[in-house]
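Numbering starts at 1 and runs along the sequence shown.
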Amino acid sequence: HQRNGKPVTQATEHAELIASYRKLAAEAARKANLVKAASTKGPSAIATANATVSKAVRRRDVAASKLTKLGIALPE
């Protein structure tokens, strides 16, 4: 593999996946807090916040699945 004209090692790809997972996990946690904030704004806001959280969690889970398939233990 090459990226930007430079060879990409397997370790680099794994590190990038781990970094991506951590970012997605943090995003999912932040968006989960949106539900708490939306709880005072009514059912429509809660439904929208829940949909946003679901998408963030799905992205996080896809990244986790990729790491698991590579045999990489998920970072805490």
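Counting only distance, with no hydrogens or angles, the side chain of T68 and the backbone of A64 share a donor-acceptor pair below 3.5 Å. Counting only distance, with no hydrogens or angles, the side chain of T48 and the backbone of S44 share a donor-acceptor pair below 3.5 Å.
Atom CG of residue L17 and atom OG1 of residue T12 lie 11.0 Å apart, to the nearest 0.5 angstrom. The CD1 atom of I18 sits 5.0 Å away from atom CD1 of I72, with the distance rounded to the nearest 0.5 Å.
In this structure, I46 stands alone, with no Ile, Leu, Val, Met, Phe, Trp or Tyr side-chain heavy atom under 4.5 Å from its own, directly or through other members. Hydrophobic side-chain contacts under 4.5 Å tie V57 into a cluster, directly or through other members, with V35, V53.
Looking at every heavy atom in both residues, L67 comes nearest to H14 through CD2-O, 4.5 Å. Between A38 and A49, the shortest heavy-atom distance links the atoms CB-CB, 4.0 Å.
Between L24 and S20, the closest side-chain pair of non-hydrogen atoms falls below 4.5 Å.
Residue pairs meeting the salt bridge (charged side-chain N to carboxylate O under 4.0 Å, His left out) criterion with at least one partner in residues 23-51, sequence neighbours excluded, are E27-K31, E27-R59.
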